[in-house]
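We name chains A, B, ... by the order of the sequence lines, and we start the count at 1 in each one.
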Number of protein chains: 2
Amino acid sequence: MPEPKQSKASPVMADTDIAIVRIAPETSFKNKAYEALKEAILKMDIYATPEPVMLDERALSERLGVSRTPIREAIAMLEQDGFVKTVPRRGIVVVRRSKAEIVDMIRAWAALESMAARLITTTARKKDITALRDFFKDFGPDRLPQDHVEEYSKANIAFHQALIALSESPVLVDLTNDLLLHVRGYRQLTIGRKDRTATSLPEHLGMIEALEARDTELAEKRARDHTLGLAAYVEAHGHELFT
Amino acid sequence: MPEPKQSKASPVMADTDIAIVRIAPETSFKNKAYEALKEAILKMDIYATPEPVMLDERALSERLGVSRTPIREAIAMLEQDGFVKTVPRRGIVVVRRSKAEIVDMIRAWAALESMAARLITTTARKKDITALRDFFKDFGPDRLPQDHVEEYSKANIAFHQALIALSESPVLVDLTNDLLLHVRGYRQLTIGRKDRTATSLPEHLGMIEALEARDTELAEKRARDHTLGLAAYVEAHGHELFT
DNA sequence: TCGTGGTATTTGGTATGCCAAAAATCTAAG
DNA sequence: CTTAGATTTTTGGCATACCAAATACCACGA
């Protein structure tokens, strides 16, 4: 039987099987629980109380209206993410990161972002690079970032994510997003701090300039140094935030 | 009640509660299943057959002698790792990485390792850096790596892991280990290839020299370029390995 | 022979129930 | 009032049963 073509014999079967995609299998309870718990954990201020924050499977299953099974699977996933840790026969505790861990994560972030910058200089389109400036178009000499810390902090995060996305590297995007989620728990206390905000904007613009100039080494260096600066800042001034 | 001190009243209770760590709660079936499945997945050659490799919950639970519950939790964890993907009502499929994905992962690895190199130049002890040479003590002009590819490949991996560990950055260590696990699926086909092995050893020695010299920029550059070289190699010669 | 419709089977998803370890609470001896 | 000891409660770990979707299989009819 020499190559049965690809037609399946049925001559009346129109081969214009257009746009028929798999019907959306509404996400499972497991995934819903995962998303819900993840959001809840990220939203809470883990450092508000000195006692560790505990989760209770049964209470969660009641609150979410599902049985313990999908809850437990979601917990297992969150544990892989490093957001919680379950201690056998004791409970599920929301992980609190030490200052050293946060600094460490920011360093890894710096590594990944500098690689993203490197890639961007060789592959991204000029207009996409230039578009990065838009994130800061609401700020300038007459509207200083340090006077609108919260707003600038949002723009800051969005800028970094957009930048890394330009690398067109799914791995870099995913890894940095994961790190960001962990680091962001402190955003209101660190990333948006006034004294650092002042130097942040010029550094960002410098990064964009290097990218536009296709200066691989310089772009990489500026991206790295900028984020390493944040790491150093947290290391130096973050002690007050950790108990 | 004014501050009941911290003593619990018992005066005979020695406060030298030394080195009493929580008794090992023999790892759960969930974790055992996770480890077992992970190892099995890493060991199998996913690219041997054109059809996707499927896993069956019930079959696994029977083979491992546990119920489906811990199996499912382990699967959920593996899915977070990106090793498998469960399709509702269809099955659990072992993820096959495309060449582009592997190259992407190696680039991220390069980013992390170059940051590790940077950190090492400022914190690691000289003797620990020098000790990195030991991984290659069995190779030299009279015993070329390309004549013992398998053995050199092992030393290669061990070297990189030891190097990154010297950074004393848990995040860098964990992230690179995760990436390594995914990339290593191709080790027998790519990392150990003769033509690349020849240039690998000198580059490694160059990295060590830069570290010993505490030349931060050079060490970072050499680490990055070395691993980016692997990425470029896989991108150029890897097509034959992916179906 | 081919295809059509229906039925049995497979497979992941979810709900429940029970178990043992650990903690919290209670009780009774000193 | 203190505390050792027993008891109850809480909590995560695990096994099991059932469900619905998807598939595989099969018989019947053109």
Side-chain angles (χ1 to χ4, degrees), chain A residues 1 4 7-14 20-37 51-80 84-95, chain B residues 1 4-5 7-13 20-37 51-80 84-95:
Chain A
M1 188 184 279
S7 72
K8 276 266 212 41
S10 174
V12 289
M13 179 55 162
I20 301 297
V21 293
R22 170 168 290 277
I23 188 171
E26 324 89 30
T27 151
S28 61
F29 285 172
K30 169 182 68 175
N31 289 307
K32 285 183 181 176
Y34 172 73
E35 294 300 335
L37 292 178
E51 315 85 50
V53 179
M54 307 290 288
L55 299 181
D56 181 77
E57 285 184 7
R58 289 169 229 264
L60 291 175
S61 77
E62 215 169 297
R63 294 250 304 205
L64 295 181
V66 298
S67 77
R68 284 175 57 207
T69 306
I71 297 288
R72 283 181 56 75
E73 292 173 352
I75 297 287
M77 295 162 72
L78 288 169
E79 189 162 11
Q80 284 301 101
V84 304
K85 173 153 184 58
T86 109
V87 186
R89 316 291 172 186
R90 299 279 300 206
I92 302 156
V93 50
V94 179
V95 173
Chain B
M1 189 186 282
K5 294 261 199 146
S7 71
K8 278 266 211 39
S10 175
V12 290
M13 178 56 161
I20 302 297
V21 292
R22 170 167 289 276
I23 187 171
E26 323 89 30
T27 152
S28 60
F29 285 172
K30 169 183 69 176
N31 289 307
K32 285 184 181 175
Y34 172 74
E35 294 300 336
L37 292 178
E51 316 85 51
V53 179
M54 307 290 289
L55 300 181
D56 181 77
E57 286 183 7
R58 288 169 228 264
L60 291 175
S61 77
E62 214 169 299
R63 294 250 305 204
L64 296 181
V66 298
S67 78
R68 284 176 58 208
T69 306
I71 298 288
R72 284 183 56 75
E73 292 173 350
I75 297 286
M77 294 162 71
L78 289 168
E79 189 162 12
Q80 284 301 100
V84 303
K85 173 155 185 55
T86 106
V87 186
R89 318 289 173 187
R90 301 276 302 206
I92 302 157
V93 49
V94 179
V95 172

- request: Rounded to the nearest 0.5 Å, what's the gap from CG on B/Leu78 to CD on B/Glu35? Could you check?
  value: 9.0 Å
message: Closest approach to the side chain of A/Ser67, judged atom by atom: which nucleotide of C/dG12, C/dT14, D/dC14 is it?
response: C/dT14
- line: From CD of B/Glu73 across to P of D/dG12 the rounded distance in Å is 12 Å
- prompt: Rounding to a whole Å, what distance do you find between A/Glu79:CD and D/dG13:C1'?
  reply: 13 Å
query: Given atom CG of A/Leu64 and atom P of C/dT14, what is their separation to the nearest angstrom?
result: 12 Å
- prompt: Which part of the nucleic acid, if any, lies within contact of B/Ile75, taking any heavy atom under 4.0 Å across all strands shown: a base, the sugar-phosphate backbone alone, or nothing?
  reply: nothing
- prompt: Within this structure, what is the CZ-to-P distance between A/Phe29 and C/dT16, rounded to whole angstrom?
  reply: 12 Å
task: State which of D/dG12, C/dT14, D/dC14 makes the closest approach to the side chain of A/Ile92.
output: D/dG12
field: Spacing of A/Leu60 atom CG relative to D/dT10 atom P, expressed in whole Å
entry: 16 Å
statement: Scanning both residues in full, the closest heavy-atom pair of A/Val93 with A/Val87 reads CG1-CG2, 4.4 Å
- request: Using a 4.0 Å heavy-atom cut-off across all strands, classify A/Thr86 as base, sugar-phosphate, or nothing.
  value: sugar-phosphate
- prompt: Out of curiosity, A/Gln80 CD to B/Tyr34 OH, how far, rounded to the nearest 0.5 Å?
  reply: 4.0 Å
task: Please report, rounded to the nearest Å, how far the P atom of D/dG13 is from the CG atom of B/Asn31.
output: 9 Å
query: In terms of the nearest nucleotide of DNA chain C, which residue is placed more toward the 5' end: A/Arg58 or B/Arg68?
result: B/Arg68
query: Quick one: does A/Met77's side chain get under 4.5 Å of A/Lys30's, heavy atoms only?
result: yes
field: Nearest-angstrom distance from the residue atom CD1 of A/Ile71 to P of C/dT16
entry: 13 Å
query: Counting side-chain heavy atoms from C-beta on, which of C/dG13, D/dG13, C/dT11 comes nearest to A/Arg89?
result: D/dG13
task: Among the candidates C/dA15, C/dG12, D/dG13, find the nucleotide nearest to the side-chain atoms of A/Pro70.
output: C/dA15
query: Which sits closer to the 5' end of DNA chain D, A/Gly91 or A/Thr69, going by the nucleotide each is nearest to?
result: A/Gly91
- prompt: CD1 of A/Ile75 to OG1 of A/Thr86: how many Å apart, nearest 0.5 Å?
  reply: 8.5 Å
task: For B/Asp56 and C/dT9, give me the distance from atom CG to atom P, rounded to whole Å.
output: 17 Å
